[in-house]
J.: 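Here it is, the structure, as structure tokens.
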Amino acid sequence: MGSPVVLGIESSCDETGAGLVRDGRLLGEAVASSMEAHARFGGVVPEIAARAHVHALRPVVRRALDGAGLRLSDVGAVAVTTGPGLSGALQVGLAGAKGIAYGLGVPLYGVHHLAGHVAADTLEHGPLPDPCVVLIVSGGHTSLVLVRDLARDPLVHLGDTLDDAAGECFDKVARAFGLPYPGGPAVDRAARGGDPRAVAFPRPLPGSYDFSFSGLKTAAARWAESHAGRELPVADGAASLQEAVADVLTRKAVAACTEYGVGTLVVVGGVAANSRVRALAGERCRAAGVRLRVPPPRLCTDNGAMIAAVGDLLVRAGAAPAPPDMSIDPSAPLEYAVLHPGLAVAA
Ligand code: KG4
Ligand code: ZN
């Protein structure tokens with residue numbers, strides 16, 4: 001008997017995602033986004049996001065199943081993001097996942113959202129080498145971690161952001177530049193026609209492998225303000241901002257690989273979709289003799305497939321399923337991929 005089809009459900013922010021994975025292979029996926037409903041507020045409104053998940057969950061699961069040519073009864077395990085994220089949004093995903101898992105009588109696993117981002121790459125490039133260095137860059141988190149066995153071992157933090165996340169920096173500066181929400185993709189697009197050397201934005205390099213983006217954010221916002229009354233050269237500002245972010249992220253990530261003697265760097269999370277981050281990571285990894293793995297952009301931003309990928313790893317590692325009273329943890333620290341006592345069986 002092969003391993004079961006794992007249904008993954010993601011609802012931590014403004015994307016409702018469902019994915020189906022078996023034995024490391026992506027069978028089907030679907031994502032619905034409430035992004036447009038938040039755009040006029042300039043950021044995600046938690047209540048609107050939670051309500052949108054209620055409406056999107058069933059159709060998204062249905063679309064993922066249809067795409068895979070499967071029926072709900074083919075699902076053999078369910079994995080769901082239980083943190084970190086917006087409380088109301090997480091609650092909707094967990095309620096839906098419990099309903100499906102208990103209705104089918106199959107095991108349920110609670111998964112850390114950022115471990116999902118890490119696992120996303122396995123769907124494109126196969127199992128992660130042990131060890132690898134992973135740069136996780138999303139809207140709310142920026143961490144450089146050493147990963148061994150994602151299903152069994154704790155993730156070792158080499159560095160974290162001391163203040164803003166890289167994605168937050170893009171989102172907030174985009175606003176100051178008059179670009180639409182979400183800021184990251186808008187900066188990426190605007191930067192295409194710009195000169196990355198036009199503005200000398202700071203390159204914050206705090207100690208060891210930590211990051212800091214609030215100084216850069218403030219410098220970029222000031223630069224925009226200094227043009228009051230004059231036309232803002234947005235393309236140059238966007239290209240220069242993107243260059244500064246890509247520079248500090250890739251400099252530290254590659255240095256960590258070299259110092260720890262690790263041969264593979266994996267870059268994941270929404271900001272890993274950034275064209276300059278991808279290109280500069282490629283250049284620097286080549287120069288340092290490090291193998292680079294970055295998921296395709298659609299698997300970098302939030303999705304359900306990445307949560308199914310973690311569930312599939314947990315199932316195959318023999319992890320214990322979640323207790324029936326499992327709850328969400330909106331500020332879950334990144335320690336293990338599984339967010340409930342789940343390793344007992346594997347030990
Ligand atoms: O991982 P993600 O989808 O959600 C979180 O877990 O936060 O990441 C969203 C973040 C946002 O800050 C968004 O602006 C950023 O990823 N992002 C980008 C790009 N696409 C998404 N940042 C820079 N360039 C992009 N192309
Ligand atoms: Zn995310």
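Each ligand, and each atom within it, is numbered from 1 in the order the structure gives.
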J.: Among protein heavy atoms, which lies nearest atom 17 (N) of ligand 1, and at what distance?
T.: G270 O, 3.5 Å
J.: Heavy-atom contact under 4.0 Å between C13 and ligand 1?
T.: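 Outside the 4.0 Å threshold, so no.
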J.: Only heavy atoms of G140, strictly under 4.0 Å: list the atoms of ligand 1 that pass.
T.: 7 (O)
J.: Between the side chains of H53 and S11, does any donor sit under 3.5 Å from an acceptor?
T.: no
J.: We want to know whether D164 and S214 form a side-chain donor-acceptor pair, criterion being a heavy-atom distance below 3.5 angstrom.
T.: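 S214 and D164 do not have a side-chain donor-acceptor pair below 3.5 Å.
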J.: Indicate whether any N or O donor in one side chain lies under 3.5 Å from an N or O acceptor in the other, for S34 and D14.
T.: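 Result is no, nothing qualifies.
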J.: Under 2.8 Å from the Zn ion (ligand 2), which protein N, O or S atoms are there? Could you list them by chain and number?
T.: H113 NE2, H117 NE2, D302 OD1
J.: Would D329 and T82 count as having a side-chain donor-acceptor pair, cut-off 3.5 Å?
T.: no
J.: Would you say T250 and R284 are linked by a side-chain donor-acceptor pair, where the criterion is simply a distance under 3.5 Å?
T.: yes
J.: So does R197 pair up with E243, basic N to acidic O under 4.0 Å?
T.: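 E243 and R197: not salt-bridged.
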J.: Please name all residues satisfying ring pair (Phe, Tyr, Trp, His ring centres under 6.0 Å) with F177, sequence neighbours left out, ordered by chain then number.
T.: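 Listed in chain order: W223.
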J.: Atoms of ligand 1 less than 4.0 Å from G167 heavy atoms?
T.: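 In order of number, 12 (O).
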J.: What I want to find out is whether D188 reaches R276 closely enough, with some N-O distance under 4.0 Å, to be called a salt bridge.
T.: no
J.: With heavy atoms of H117 as the reference, note each atom of ligand 1 found under 4.0 Å away.
T.: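 Going through ligand 1 atom by atom, the ones under 4.0 Å from H117 are 1 (O), 6 (O).
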J.: Starting from atom 7 (O) of ligand 1, what is the nearest protein heavy atom, named by residue and atom, and what distance separates them?
T.: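 Going by distance alone, atom 7 (O) of ligand 1 is nearest to G139 N, 2.8 Å.
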J.: Distance under 4.0 Å to a non-hydrogen atom of F170: what atoms of ligand 1 satisfy this?
T.: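 Near F170, the atoms of ligand 1 are 22 (N), 23 (C).
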J.: So which bit of D188 gets within less than 4.0 Å of ligand 1, heavy atoms only: side chain, backbone, both or neither?
T.: side chain
J.: Mind checking whether H141 contacts ligand 1 via backbone (N, CA, C, O), side chain (CB onward), both or neither, at a 4.0 Å heavy-atom cut-off?
T.: neither
J.: Might you work through the salt bridge (charged side-chain N to carboxylate O under 4.0 Å, His left out) test for R278 and E283, ending with a clear yes or no?
T.: CA-CA 9 Å; R278 299 172 81 94; E283 283 171 31; over 6 Å; no
J.: For atom 6 (O) of ligand 1, which protein heavy atom lies nearest, and how many Å away is it?
T.: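 Of the protein heavy atoms, H113 NE2, 3.0 Å lies nearest.
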J.: How far is atom 22 (N) of ligand 1 from the closest protein heavy atom, and which atom is that?
T.: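 Its nearest protein heavy-atom neighbour is G184 CA, 3.2 Å.
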J.: Do the side-chain N and O atoms of N303 and E15 include a donor-acceptor pair separated by under 3.5 angstrom?
T.: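 No.
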J.: May I ask you to check whether N274 has an N/O atom sitting below 3.5 Å from an N/O atom of ligand 1?
T.: yes
J.: With sequence neighbours left out, which residue pairs that include part of residues 101-122 fulfil the ring pair (Phe, Tyr, Trp, His ring centres under 6.0 Å) condition?
T.: H113-H117
J.: Looking at atom 3 (O) of ligand 1, what's its closest protein heavy atom, distance included?
T.: D302 N, 3.0 Å
J.: If the contact criterion is a heavy-atom separation under 4.0 Å, does Q242 count as touching ligand 1?
T.: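 Heavy atoms of Q242 never come under 4.0 Å of ligand 1.
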J.: Of all residues at least two apart in sequence or in a different chain, which pass the ring pair (Phe, Tyr, Trp, His ring centres under 6.0 Å) check with H125?
T.: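 For H125, no residue satisfies ring pair (Phe, Tyr, Trp, His ring centres under 6.0 Å) once neighbours in sequence are set aside.
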J.: Is the closest basic N to carboxylate O distance between E168 and K172 below 4.0 Å?
T.: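 Yes, E168 and K172 are salt-bridged.
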J.: Quick one: nearest non-hydrogen protein atom to atom 14 (O) of ligand 1, plus distance?
T.: D171 OD1, 2.6 Å
